[in-house]
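Accompanying notes for the structure given below.
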Amino acid sequence: MNTIAKGISDGGIITWRNLMNVRRNPDWLMAATLQPIMFVLLFAYVFGNAIGGDAGGAAYREFLIAGIFAQTVAFNSAFTVIGFANDLQKGIIDRFRSLPMSRIAVVLGRTTSDLVVSVVALVVMSACGLIVGWRIRGSFWDALLGYLVMLMFAWALSWVGALIGLAARSVEVAQSLGLVWMFPLSFISSAFVPTQTLPPFLKAIADWNPFTAVINATRDLFGNRFGAPPTGWPAENAALYAILCCVAIIAVFAPLATAKYRRVASK
C-alpha cells in the first residue's frame, strides 16, 4: 500500500509539473481545441447537408459531435507521445531517474495531465457543439456517464501514446508516430457516417473498432442517434463494449509503457 500511495503521490507532482508546462506554453492547449473546432465547422456546414440531406442537416450535426469528441481525445494522446519524446531528448528523464521517486510516477503523471487537457478540450467542444445546434437529449446522469466514458477512452489512449513516445528516437519521429495510426482508426468508424453506409469489409472493421464503441455509447447516452439504429452485438451493447475496450487497452499498454520507461530510465 505504501508503494501504491507513493506512486500516486509522486504522479500527482509530475501531473502538476506537466500542467505548469501547458500553462507556460498555451499553444499546446490551442492546438488541442482549434483543430476539433475546424472539424466541427467543416463537417457540420460543408458536408452536413450532403450527408444528412437538407432536412437532416440539424440531426446530422447532433450525430457528428460524439465523433468529434472521440477524435479530439484521440488526437490529444499525441501530446503524450510528444511530451515523452521531448523529455527524453532534453534529458529530463535522466533528471527524474536521479530523484527518489516511484518509477510509475512519470508515466502516470504524464497520462493524467493529458487527461486534464482532454477535459478542457471537451468543455470547449461542448460549447462549440451547442453553438452549431447540438443538444443533449438524454438525462443529466446519462450525459455525465457519456462524458466519463469519453474520458476513460482518452486516458486509455494516453497509455498507448506513452509507449510510442518512449520508443520514439526523436520528437520529429514522435510527431509522425503519434498521429499516423489515429487517422484510419478514427475515420473507419461511426465518427462521421453510420457504419451501415460503409462497404461490407470496412463495416465489419468499423463495427468492432473501439472508436465506434465509444462513439455509439456516447451517442446513446446523449440521445443523438441519426438514421437507422446500428445492429450487432457491439452496437447493441455499446456502453459495455466501450468500457471493456478501454479496460483492455489500459491493461495491455500501461504495463508495457511502465516497463519501457524503466528500460529507458536505466540507460
Side-chain angles (χ1 to χ4, degrees), residues 31-78 118 121-122 124-138 143 146-147 149-151 153-154 156-157 178-232 234-236 238-239 241-242 245-246:
T33 54
L34 288 181
Q35 179 175 292
I37 290 174
M38 288 189 291
F39 269 107
V40 169
L41 298 178
L42 178 67
F43 278 90
Y45 293 108
V46 177
F47 301 135
N49 287 341
I51 298 174
D54 291 338
Y60 176 73
R61 286 195 288 273
E62 290 199 352
F63 172 88
L64 172 68
I65 295 302
I68 297 294
F69 281 0
Q71 189 183 62
T72 299
V73 300
F75 282 18
N76 282 353
S77 68
S118 291
L122 285 180
V124 173
M125 294 314 303
S126 297
C128 183
L130 292 172
I131 292 172
V132 302
W134 168 68
R135 296 293 183 269
I136 295 177
R137 308 296 179 182
Y147 279 110
V149 169
M150 194 63 67
L151 290 174
F153 184 57
L157 292 184
L179 293 173
V180 68
W181 61 276
M182 294 182 198
F183 280 99
L185 284 178
S186 61
F187 280 96
I188 305 177
S189 70
S190 64
F192 303 109
V193 296
T195 58
Q196 300 94 305
T197 64
L198 299 175
F201 174 70
L202 290 180
K203 179 181 182 300
I205 297 174
D207 284 342
W208 290 93
N209 187 345
F211 274 79
T212 297
V214 172
I215 293 165
N216 285 348
T218 306
R219 284 193 183 120
D220 287 341
L221 293 165
F222 287 167
N224 292 155
R225 279 297 178 189
F226 172 75
T231 58
E236 294 168 359
Y241 183 51
C245 286
C246 293

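Nothing here was measured: the structure is a model prediction, and the numbers come from that model.
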#### Entry: Cation-pi check, Arg137 onto Phe222 ring (under 6.0 Å, within 45° of axis)
no
### Task
Measure the CZ-OG distance between Phe75 and Ser118 for me, rounded to the nearest 0.5 Å.
12.5 Å
### Task
Using only heavy-atom distances, determine whether the side chains of Tyr147 and Thr218 contain a donor-acceptor pair under 3.5 Å.
no
### Message
Looking only at side-chain N and O atoms, does Asn216 offer a donor or acceptor that is under 3.5 Å from a partner on Ser190?
### Response
yes
### Proximity of Phe69 and Phe153 rings by center, below 6.0 Å
no
### Message
Side chains of Val132 and Val40, heavy atoms from C-beta outward: is any pair under 4.5 Å?
### Response
yes
### Query
Checking Asn224 side chain against Ile136 main chain: does a donor-acceptor pair fall under 3.5 Å?
no
#### Entry: Which atom of Cys246 lies closest to which atom of Ala156, heavy atoms considered
O-CB, 3.8 Å
### Query
Can any side-chain N or O of Asn76 pair as donor or acceptor with the backbone N or O of Ala154 at less than 3.5 Å?
no
### Query
Hey, does Gln71 have a side-chain heavy atom less than 4.5 Å from the side chain of Phe211?
no
### Message
Would you say that Phe63 contacts Trp134 through its side chain, given a criterion of any heavy-atom pair below 4.5 Å between the two side chains?
### Response
no
### Task
Nearest 0.5 Å please: distance from the CD1 atom of Ile65 over to the CZ atom of Arg219.
10.0 Å
### Message
How long is the straight-line distance from CG of Asp207 back to OH of Tyr241, given to the nearest 0.5 Å?
### Response
9.5 Å
### Summary
Distance col, row Thr212:OG1 vs Lys203:NZ, nearest 0.5 angstrom, shows 10.0 Å
### Message
To check you understand the geometry: which heavy-atom pair defines the closest contact between Ala217 and Ala238, and what is its length?
### Response
N-CB, 3.6 Å
### Task
Just do the side chain to side chain contact (heavy atoms under 4.5 Å, CB included) check on Val73 and Met150 with the steps written out, would you?
CA-CA 8 Å; Val73 300; Met150 194 63 67; 4.1 Å; yes
### Query
Could you give the distance from CD1 (Ile131) to CD1 (Ile37), rounded to the nearest 0.5 Å?
8.0 Å
### Message
How long is the straight-line distance from CG of Asn209 back to CD1 of Ile205, given to the nearest 0.5 Å?
### Response
9.0 Å
### Task
Measure from the side-chain N and O atoms of Arg135 to the backbone N and O of Leu130, and report whether any donor-acceptor pair falls under 3.5 Å.
yes
### Message
Does Thr72 form a side chain to side chain contact (heavy atoms under 4.5 Å, CB included) with Leu122? I'd like the steps, not just the answer.
### Response
CA-CA 8 Å; Thr72 299; Leu122 285 180; 5.5 Å; no
### Query
Are side-chain heavy atoms of Ser189 and Ile215 found at a separation under 4.5 Å?
yes
